[in-house]
Amino acid sequence: MHAIPKTRILGTGSYAPARVVPNAELEGVVDTSDEWIATRTGIRRRHFAAEGEATSDMAAEACRRALSAAGLNAADVDLIIVATVTPDSPIPSCAVLVQKKLGASEIPAFDIAAACAGFIYGITIADQFIATGAARCVLVVGVELLSRAVNWTDRTTCVLFGDGAGAVVLGPASMKRTGEPDREPALAPGILSSCIFTDGSLAGALRIPAGGSARPADDEVLRTRQNKVHMDGQDVFRTAVKQLTASSTQALKASGLTSRELDWVVPHQANLRIISQVSQRLGFPLEKMVLNLEEYGNTSSASIPIALDEAVRDGRIVAGHHVLMCALGAGISWGAAVVRI
Ligand code: UT7
């Protein structure tokens, strides 16, 4: 039997900065090639924020678009959760600035730092707030401005990432959008299951080593770029294939669905080879995986909500579809969720 959802997606929205940077442009920055990036990762382009454009600007725009899709406005929102590891500044949180930019009222707003798994963490937290009645309408936004967080002399990382934001408006499963037809209770839309994990013993595999309280940024930190992203790509790759498969299987089981009943998988967009291996292990065809890393690169916490929004807007994902989402990143933290649209 399918799980009974408490929380549903009422609208999706996303935003990518206008500047598109093809792989070829990076050949002039580090010793790399379009061919290496495309064949090793599947990435062909990414979007970079304009000078003066901040993480909170991108997040607020994605939220506005999600609210508009839901037929709601900022006054309806009673909680904002921003998943990001690239906030405008440490204090205040990015969520505070998003609240201000949306003109929302005195509602709680906070950030969560679960890196690429941040969106799955965000909707899992929101689901708890809504299920307990502590919140009714929650904005969850995954947003990253990684072009300013990478080491532009390290070819093993700087070619991978992009900037962008994706948001969802969540509300009680019983809530209907204007004009939406009634559905049988057994087909009610919503989050059927979600699971989240962290293995801190792998904390060193993907990190920004300094610039925080343990080692504040000083001349040495800046000179050696210890305030930028460092990654052991192969460790993360191996863990991703294993844990994305395991958490997806767990979320699927908890949802009561079989993989045949799934219409789409929206995976975190880090590497096409990871996604292919997960697709094989899950026995789920690659054609049914929503892919957009060719266009955006790895946008960390934004990657799933951007891909979800695109697939909803272009009509691939429609009402009644069952969608599995899964992500893994720094922490190492990961998770998966199954949603009926
Ligand atoms: O979103 C958070 C989660 N992150 C991920 O899931 C990322 C997981 N990891 C990966 O996607 C892959 O490990 C990478 C794409 C990061 C790297 O791919 P790889 O196949 O694991 O490459 P590698 O690290 O084994 O490097 C192979 C070769 C090396 O050269 P040598 O030692 O064989 O001569 C690298 O120096 O490729 C070289 N290389 C590059 N060459 C051209 C590494 N980066 C580049 C580059 N351009 N940008």
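None of these values were measured; they are calculated from a predicted model. Residue numbers count from 1 along this sequence. First listed ligand is number 1; within each ligand, the first listed atom is number 1.
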Q: N/O to N/O below 3.5 Å, does that happen between Ser33 and ligand 1?
A: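 No, no N or O pair falls under 3.5 Å.
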Q: Is atom 34 (O) of ligand 1 less than 4.0 angstrom from at least one protein heavy atom?
A: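 No, because not a single protein heavy atom sits under 4.0 Å from atom 34 (O) of ligand 1.
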Q: Does ligand 1 have a heavy atom under 4.0 Å from the side chain of Asn298, from its backbone, from both, or from neither?
A: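 The side chain, only.
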Q: Any heavy atom of Leu206 sitting closer than 4.0 Å to ligand 1?
A: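 Yes, Leu206 has a heavy atom closer than 4.0 Å to ligand 1.
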Q: Under the side-chain contact (heavy atoms from CB on, under 4.5 Å) rule, what do Val241 and Ile274 come out as? Steps first, then yes or no, please.
A: CA-CA 6 Å; Val241 172; Ile274 295 176; 4.2 Å; yes
Q: Could you check whether any heavy atom of Val30 sits closer than 4.0 Å to an atom of ligand 1, since that is the contact criterion I want to use?
A: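 Contact absent.
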Q: As a test of the contact definition, would atom 31 (P) of ligand 1 count as having a protein heavy-atom neighbour under 4.0 Å?
A: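 Protein heavy atoms within 4.0 Å of atom 31 (P) of ligand 1 - there are none.
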Q: Within a distance under 4.0 Å of any heavy atom of Val159, pick out the atoms of ligand 1 and give their elements.
A: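 Those qualifying, in numeric order: 48 (N).
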Q: So Glu310 and Val290, side-chain contact (heavy atoms from CB on, under 4.5 Å) or not? Walk me through it.
A: CA-CA 9 Å; Glu310 285 192 336; Val290 177; over 6 Å; no
Q: What are the two closest non-hydrogen atoms of Ser193 and Ala251, and how far apart are they?
A: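 Taking Ser193 first and Ala251 second, the nearest heavy atoms are OG-O, 2.6 Å.
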Q: Going by the closest heavy atom to atom 47 (N) of ligand 1, which one wins out of Thr32, Leu26, Thr239?
A: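 Checking each option, the heavy atom nearest atom 47 (N) of ligand 1 is found in Thr32.
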Q: Considering Trp36, Phe237, Phe161, which one's heavy-atom position lies nearest to atom 37 (O) of ligand 1?
A: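 Result: the heavy atom closest to atom 37 (O) of ligand 1 is in Trp36.
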Q: With backbone taken as N, CA, C and O and side chain as the heavy atoms from C-beta onward, which portion of Thr156 lies under 4.0 Å from ligand 1: side chain, backbone, both, or neither?
A: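 Near ligand 1, Thr156 shows its backbone as well as its side chain.
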Q: If you apply the rule side-chain contact (heavy atoms from CB on, under 4.5 Å), what do you find for Cys116 with Asn298, and how did you get there?
A: CA-CA 9 Å; Cys116 303; Asn298 181 348; 4.2 Å; yes
Q: Which ligand 1 atoms are under 4.0 Å away from a heavy-atom of Arg40?
A: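 Contacts of ligand 1 toward Arg40, numbered from 1: 20 (O).
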Q: Give the atom numbers and elements of ligand 1 that come within less than 4.0 Å of a heavy atom of His268.
A: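 Ligand 1 atoms under the 4.0 Å threshold to His268: 1 (O), 2 (C).
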Q: Using the rule given for side-chain contact (heavy atoms from CB on, under 4.5 Å), can you reason through Val150 versus Lys228, listing the C-alpha separation, both sets of side-chain angles and the distance that settles it, and then say yes or no?
A: CA-CA 5 Å; Val150 294; Lys228 302 292 181 183; 5.9 Å; no
Q: Looking only at side-chain N and O atoms, does Thr84 offer a donor or acceptor that is under 3.5 Å from a partner on Asp111?
A: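 No, no side-chain donor-acceptor pair sits under 3.5 Å.
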Q: Give a yes or no on whether the backbone of Asp34 and the side-chain of Glu27 come within a donor-acceptor separation of less than 3.5 Å.
A: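 Here the side-chain-to-backbone pair exists.
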Q: Please determine whether any non-hydrogen atom of Ile37 lies less than 4.0 Å from an atom of ligand 1.
A: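 The answer is no, since Ile37 has no heavy atom less than 4.0 Å from ligand 1.
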Q: Does the Ser303 side chain pair with the main chain of Gln269, one donor and one acceptor, at a distance under 3.5 Å?
A: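 Yes, Ser303 side chain to Gln269 backbone: donor-acceptor pair under 3.5 Å.
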Q: Tell me the nearest of Ile43, Asn271, Ile332 to atom 14 (C) of ligand 1, using heavy-atom distances.
A: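 Closest candidate by heavy-atom distance is Asn271.
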Q: Do you see a protein non-hydrogen atom under 4.0 Å from atom 8 (C) of ligand 1?
A: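 Yes, because at least one protein heavy atom sits under 4.0 Å from atom 8 (C) of ligand 1.
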Q: Taking the minimum heavy-atom distance to atom 2 (C) of ligand 1, which of Ala270, Ser303, Cys116 ranks first?
A: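 It is Cys116 whose heavy atom sits nearest to atom 2 (C) of ligand 1.
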Q: So, the side chain of Arg46 versus the backbone of Val21: is there a donor-acceptor pair under 3.5 Å, distance only?
A: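 Side chain of Arg46 to backbone of Val21: a pair is present.
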Q: Quick one: sort the Phe129 and Phe110 rings into parallel, tilted or perpendicular, breaks at 30° and 60°.
A: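 Phe129 and Phe110: tilted rings.
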Q: For ligand 1 and Thr41, I'd like to know whether there is a polar contact (N/O to N/O, distance under 3.5 Å).
A: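 Between Thr41 and ligand 1, no N or O pair is found under 3.5 Å apart.
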Q: Run the contact test for Ala240 against ligand 1 with a 4.0 Å cut-off on heavy atoms, strictly below, and give the result.
A: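 Contact absent.
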Q: Just one of Phe119, Tyr121, Phe197 clears the ring-ring contact (aromatic ring centres under 6.0 Å, His included) bar with Trp334, so which one?
A: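 Of the listed options, the one satisfying the test is Phe197.
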Q: Examine the side chains of Glu144 and Thr86 and answer whether a donor and an acceptor come within less than 3.5 Å of each other.
A: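 Judged by distance alone, the side chains do pair up.
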Q: Can you find a protein heavy atom closer to atom 21 (O) of ligand 1 than 4.0 Å?
A: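 Yes; the ligand atom in question has protein heavy-atom contact below 4.0 Å.
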Q: Note the single closest protein heavy atom to atom 3 (C) of ligand 1, along with its residue, its atom name and the distance in Å.
A: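 For atom 3 (C) of ligand 1, the nearest protein heavy atom comes out as Val236 CG1, 3.5 Å.
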Q: Check the orientation of His47 and Tyr296. Use parallel for under 30°, tilted for 30 to 60°, and perpendicular for over 60°.
A: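 The rings of His47 and Tyr296 lie parallel, inter-plane angle below 30°.
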Q: For atom 18 (O) of ligand 1, which candidate among Gln234, Gln269, Arg155, Arg273 provides the closest heavy atom?
A: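 Result: the heavy atom closest to atom 18 (O) of ligand 1 is in Arg273.
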Q: Relative to the heavy atoms of Ile274, which atoms of ligand 1 are at a distance of less than 4.0 Å?
A: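 By the 4.0 Å cutoff, the relevant atoms are 6 (O), 8 (C).
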Q: With atoms numbered from 1 as shown, which atoms in ligand 1 lie under 4.0 angstrom from a non-hydrogen atom of Leu328?
A: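 Listed by number with element, the hits are 2 (C), 3 (C).
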Q: Would you call Arg45 and Glu294 a salt bridge, taking side-chain N to carboxylate O under 4.0 Å as the test?
A: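 A salt bridge is present here (some side-chain N lies under 4.0 Å from a carboxylate O).
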